[in-house]
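For reference, the structure is listed below as structure tokens.
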Amino acid sequence: LLVYGLFKNNVRDSIQTDLYPDGTVKSTIRFCNGLRCDSFFVYGEDGLLLQRGFYLQDSLHGACHTYYPGSKQIRELALYD
């Protein structure tokens, strides 16, 4: 697994991208002052979206959608405060 992103004052402060060994994007998530913030996306090895959601101050917030592999059909919808 390859990971890239930027640090500011020794904490993550950018969009972090995780890659599969073949270079395909596995996930993207934004960090603000070391905390997860904003939208995140998780992809399968085939490049299709598996999960998407939102972090607010390092906690899941709002709807988190999980999809069946290879499908746009939602498998699970979880709501977080």
Review point. Counting only heavy atoms not in Asn10, do more than 12 sit closer than 6.0 Å to its CG atom?
Key: no
Enumerate, atom names and distances included, each donor-acceptor pair closer than 3.5 Å involving a side-chain atom of residues 27-34, sequence neighbours excluded.
residue: Ser27; atom: OG; partner: Asp18; partner atom: OD2; Å: 3.1

Practice item. Drop me the distance from Thr17's OG1 to Lys26's NZ, to the nearest 0.5 angstrom. Key: 13.0 Å
**Study point:** Same apolar cluster (I L V M F W Y, side chains within < 4.5 Å links), Leu6/Val25
**Key:** no
Review point. Atom OH of Tyr43 and atom CG of Leu50: how far apart are they, to the nearest 0.5 Å?
Key: 10.0 Å
Check your understanding: Residues in salt bridge (Lys or Arg N to Asp or Glu O under 4.0 Å) with Asp38, at least two apart?
Key -> none
Review point. Out of curiosity, does Phe41 fall in the hydrophobic cluster containing Leu19 (side-chain heavy atoms, cut-off under 4.5 Å, transitive links)?
Key: yes
Check your understanding: Once you round to the nearest 0.5 Å, how far does CZ of Phe7 lie from CG of Asn9?
Key -> 12.0 Å
Point to revise | Val3/Gln16 under side chain to side chain contact (heavy atoms under 4.5 Å, CB included): CA gap, chis, key distance, verdict | key: CA-CA 7 Å; Val3 178; Gln16 177 178 305; 3.6 Å; yes
Review point. Quick one: does Cys64's side chain get under 4.5 Å of Gln51's, heavy atoms only?
Key: yes
Point to revise | Euclidean distance, His61 NE2 relative to Tyr55 OH, rounded to 0.5 Å | key: 13.5 Å
Check your understanding: Rounded to the nearest 0.5 Å, how far does CG of Leu60 lie from CG of Leu79?
Key -> 11.0 Å
Revision key, fill the gap. Residue pairs passing the ring pair (Phe, Tyr, Trp, His ring centres under 6.0 Å) test with at least one member in residues 62-81, sequence neighbours excluded, are none
Check your understanding: From Phe54 CZ over to Cys37 SG, what is the distance, rounded to the nearest 0.5 angstrom?
Key -> 7.5 Å
Check your understanding: Can you get from Leu48 to Val42 by hopping between Ile, Leu, Val, Met, Phe, Trp and Tyr side chains that sit under 4.5 Å apart?
Key -> no
